[in-house]
Protein chains: 2
Amino acid sequence: MTEAEFLAGYDPAAHERPALAVDLVLLGIQAGRLAALLMRRAQHPQAGLWALPGGFVGVAETLDAAAGRVLRDKVGIGGARLEQLYTFGAVDRDPRMRIVSVAYLALLPEAAVADARAKAGLAAASLIVPWAGETGGAISAVSEDGAALALAFDHADILALAVKRLRGKLDYTDVAFALLPDHFTLRQLQDVHAAILGAPLNKSAFRRRMRDRGWIAPTGAREAGTAFRPAEFFRFDRSRES
Amino acid sequence: MTEAEFLAGYDPAAHERPALAVDLVLLGIQAGRLAALLMRRAQHPQAGLWALPGGFVGVAETLDAAAGRVLRDKVGIGGARLEQLYTFGAVDRDPRMRIVSVAYLALLPEAAVADARAKAGLAAASLIVPWAGETGGAISAVSEDGAALALAFDHADILALAVKRLRGKLDYTDVAFALLPDHFTLRQLQDVHAAILGAPLNKSAFRRRMRDRGWIAPTGAREAGTAFRPAEFFRFDRSRES
DNA sequence: CTTAGTTATGCTCATATTGTGCATAAATCG
DNA sequence: CGATTTATGCACAATATGAGCATAACTAAG
């Protein structure tokens with residue numbers, strides 16, 4: 001049977017379908033560390049556990065649109081860089097029914113992290129991002145007092161994949177700039193890279209590499225109020241992005 | 001409203017849901033070039049156009065399982081390396097109804113490509129993989145007589161993304177070995193890389209890089225029947241994969 | 001006003017990786 | 001046996017990265 005025959009003979013209404021949802025991994029920098037924004041589940045199942053914001057996909061709604069709607073309506077953030085991550089389809093990932101979830105990665109500038117935390121039901125969890133060898137170690141979420149947070153459903157897997165994806169794209173895409181304000185110093189940029197990788201970086205080599213790459217342009221402005229030599233502010237030069 | 005409230009108040013049966021399908025991009029090497037296996041659509045819509053093999057996801061079936069089932073039942077290949085690629089959710093991507101499709105990448109060794117072509121309804125399309133700058137140019141499919149193939153639905157987008165993903169993973173994962181037989185020469189390995197990248201590679205540098213990486217082990221065996229010095233066969237050394 | 005303290009920035013040198021070319025090896029074919 | 005062709009290893013150049021140091025620029029303490 002060919003695909004065409006199969007599709008022609010298939011009555012979609014006759015079969016039960018999985019439900020389709022989107023889940024958002026909101027990542028940002030907080031206090032110099034990589035942090036995720038999580039919601040505490042108030043009801044069963046998995047009441048009290050921490051979960052990614054999510055919602056079902058409407059029948060006339062794009063996946064990207066569904067992710068944007070969740071970001072706007074549930075997290076209260078208008079714009080952020082959204083990127084599809086992976087689709088999770090384990091049969092028993094939700095105990096209520098079969099839900100296939102398209103995970104999205106949202107990269108928030110530091111100011112948006114603070115904004116979002118002010119909303120009800122949202123809390124930031126610092127992420128422990130160890131650098132255990134090339135591929136990195138296990139990622140775990142801890143609250144501000146250092147206690148490990150239990151995540152609902154398969155959301156720990158989703159979170160771990162998000163951090164790994166972020167790491168992988170870090171040095172050949174512009175993801176780091178999405179976590180920074182418009183103007184930033186080279187040190188801030190380096191700190192973001194180090195937070196994502198979970199490892200310290202060579203200062204000279206990092207600066208040289210970033211400048212040679214041509215993605216950043218000096219603004220001429222300088223930091224103020226520091227007790228030492230002020231650093232120059234740079235901005236992301238989108239025009240020279242490869 | 002929190003996520004928990006939303007989910008609790010949501011009656012999944014009350015809303016119309018998108019249908020969920022998987023589509024398979026079958027990539028392999030044929031005559032030294034990167035090729036995709038496509039099916040010609042026999043019926044409307046888009047009759048006569050070329051399409052990726054696909055099928056709907058059962059309500060009690062994992063996404064990976066659905067992809068494996070399509071590979072087995074529609075393509076007739078038992079085992080191949082399957083990897084989730086991206087989920088396509090444009091509202092009008094299928095004119096019949098709303099279908100969200102999880103695209104999978106299947107990497108076939110050269111022998112499996114020939115096997116699969118013997119099955120009814122399957123044909124190989126060579127892929128034009130130009131190297132236009134860093135990110136690569138547009139990917140197009142051509143038949144063996146050189147004519148461009150028109151692809152159904154959004155399958156050209158899916159195909160293009162598959163090749164880009166393959167390119168991106170080429171030099172830090174073992175994807176190339178999935179397209180080769182168990183024993184291969186360094187030249188064969190280089191040809192696979194060149195076919196995927198759409199650009200020639202420096203021979204000395206490539207050999208040195210591959211050997212230094214430690215992923216391949218010499219077998220001691222050599223080519224036979226060549227009109228010149230025979231190359232040594234290597235095998236992929238999975239034990240030293242990072 | 002001077003000096004200590006701190007970080008920014010640019011420079012140099014050592015090391016590692018990659019690009020490039022060449023010499024030699026090993027097979028077939030005339 | 002010599003011509004031809006590709007495989008393999010080596011040497012050198014060019015580039016990228018790691019690491020450290022000298023100087024600059026600011027604040028705060030004295």
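Note that the structure is a prediction, hence the values are computed from the model and not measured. Numbers restart at 1 for each chain; the letters A, B, ... are given by sequence-line order, proteins then strands.
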Trainee: 5'-most contact on DNA chain D: Pro230(A) or Leu186(B), nearest heavy atom basis?
Mentor: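 Its nearest nucleotide being more 5', the pick is Leu186(B).
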Trainee: In whole Å, what is the span from the CZ atom of Arg187(B) to the P atom of dA27(C)?
Mentor: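 Result: 17 Å.
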Trainee: Of Phe233(B) and Ala205(A), whose nearest nucleotide on DNA chain D comes first from the 5' end?
Mentor: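 Result of the comparison: Phe233(B).
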Trainee: Taking side-chain contact (heavy atoms from CB on, under 4.5 Å) as the test, write out the residues that go with Pro230(A), two or more places apart.
Mentor: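 Checked Pro230(A) against side-chain contact (heavy atoms from CB on, under 4.5 Å); matches are Arg222(A), Glu223(A), Thr226(A).
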Trainee: Taking CG in Asp171(B) as the centre, count heavy atoms belonging to other residues, nucleotides or ligands within less than 6.0 Å. Is the count above 12?
Mentor: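 Counting neighbours around CG of Asp171(B), more than 12 heavy atoms of other residues, nucleotides or ligands fall under 6.0 Å, so yes.
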Trainee: CE of Met210(A) versus P of dG10(C): gap in Å, rounded?
Mentor: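 In whole Å, dG10(C) P and Met210(A) CE are 16 Å from each other.
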Trainee: Would you please name every residue forming a side chain to side chain donor-acceptor pair (under 3.5 Å) with Lys169(B), sequence neighbours left out?
Mentor: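 Per chain and number, Lys169(B) pairs via side chain to side chain donor-acceptor pair (under 3.5 Å) with Glu83(B).
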Trainee: Enumerate the ring-ring contact (aromatic ring centres under 6.0 Å, His included) contacts for residues 64-87 of chain A, please, sequence neighbours excluded, ordered by first and then second residue.
Mentor: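 Those involving residues 64-87 of chain A are Tyr86(A)-Phe88(A).
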Trainee: Output one letter per nucleotide in nucleotides 9-14 of chain D: B when a protein non-hydrogen atom lies under 4.0 Å from the base, S when only the sugar-phosphate is that close, - when neither is.
Mentor: BBB---
Trainee: With a 4.0 Å heavy-atom cut-off, tell me which residues in residues 219-227 of chain B come close to DNA chain D, sorted by residue number.
Mentor: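 Heavy-atom cutoff 4.0 Å gives no residues at all.
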Trainee: Provide, to the nearest angstrom, the distance between the CZ atom belonging to Phe206(A) and the P atom belonging to dG20(D).
Mentor: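 Nearest whole value for this atom pair: 19 Å.
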Trainee: What is the distance from CZ of Arg209(A) to P of dT17(D), rounded to the nearest Å?
Mentor: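 Answer to the nearest Å: 6 Å.
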Trainee: Got a donor-acceptor pair under 3.5 Å from the side chain of Arg229(B) to the base of dA27(C)?
Mentor: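 In this structure, the two groups form no donor-acceptor pair.
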Trainee: List for me each residue that meets side-chain contact (heavy atoms from CB on, under 4.5 Å) alongside Arg72(B), sequence neighbours excluded, and say none if there are none.
Mentor: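 Once residues adjacent in sequence are excluded, the partners of Arg72(B) under the side-chain contact (heavy atoms from CB on, under 4.5 Å) criterion are Arg69(B).
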Trainee: Could you pull out all residues at least two apart from Arg93(A) that satisfy salt bridge (charged side-chain N to carboxylate O under 4.0 Å, His left out)?
Mentor: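 Asp23(A), Asp154(A).
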Trainee: Rounding to an integer number of Å, can you tell me how far Asn202(A) CG sits from dT15(C) P?
Mentor: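 Computing the Asn202(A):CG to dT15(C):P distance gives 15 Å.
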Trainee: So Ala231(B), base contact, sugar-phosphate only, or nothing? Heavy-atom distance under 4.0 Å.
Mentor: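 Touches sugar-phosphate only.
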Trainee: Glu232(A) side chain: which of dT6(D), dT7(C), dT9(C) is closest?
Mentor: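 When the side chain of Glu232(A) is considered, dT9(C) is the closest of dT6(D), dT7(C), dT9(C).
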Trainee: Asp212(B) CG to dT8(D) C1': how many Å, rounded?
Mentor: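 Taking atom C1' of dT8(D) as the reference, CG of Asp212(B) is at 14 Å.
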Trainee: Sequence neighbours excluded, which residues qualify as side chain to side chain donor-acceptor pair (under 3.5 Å) partners of Asp64(B)?
Mentor: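 Scan of Asp64(B) (side chain to side chain donor-acceptor pair (under 3.5 Å), adjacent residues dropped) gives Tyr104(B).
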Trainee: Starting at CG of Leu85(A), measure out to OG1 of Thr87(B) and round the result to the nearest 0.5 Å.
Mentor: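 Between Leu85(A) CG and Thr87(B) OG1, I get 10.5 Å after rounding to 0.5 Å.
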Trainee: Taking only distance into account, with no hydrogens and no angle test, what donor-acceptor pairs under 3.5 Å do side-chain atoms of residues 187-206 of chain A form with protein atoms, sequence neighbours excluded?
Mentor:
| from | atom 1 | to | atom 2 | distance (Å) |
| --- | --- | --- | --- | --- |
| Gln188(A) | OE1 | Thr185(A) | N | 2.9 |
| Gln190(A) | NE2 | Leu201(A) | O | 3.1 |
| Asn202(A) | OD1 | Ser204(A) | N | 3.3 |
| Asn202(A) | OD1 | Ala205(A) | N | 2.9 |

Trainee: If only side-chain N and O atoms of Lys203(A) are considered, is one of them under 4.0 Å from the OP1 or OP2 phosphate oxygen of dA19(D)?
Mentor: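 It does not, given that no N or O in the side chain of Lys203(A) lies less than 4.0 Å from OP1 or OP2 of dA19(D).
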Trainee: In this structure, how many angstroms lie between the C1' atom of dT20(C) and the CG atom of Leu201(B), rounded?
Mentor: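 Leu201(B) atom CG is separated from dT20(C) atom C1' by 14 Å.
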Trainee: Can you tell me how far P of dT15(D) sits from CZ of Arg213(A), to the nearest Å?
Mentor: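 Distance check: Arg213(A) CZ to dT15(D) P gives 17 Å.
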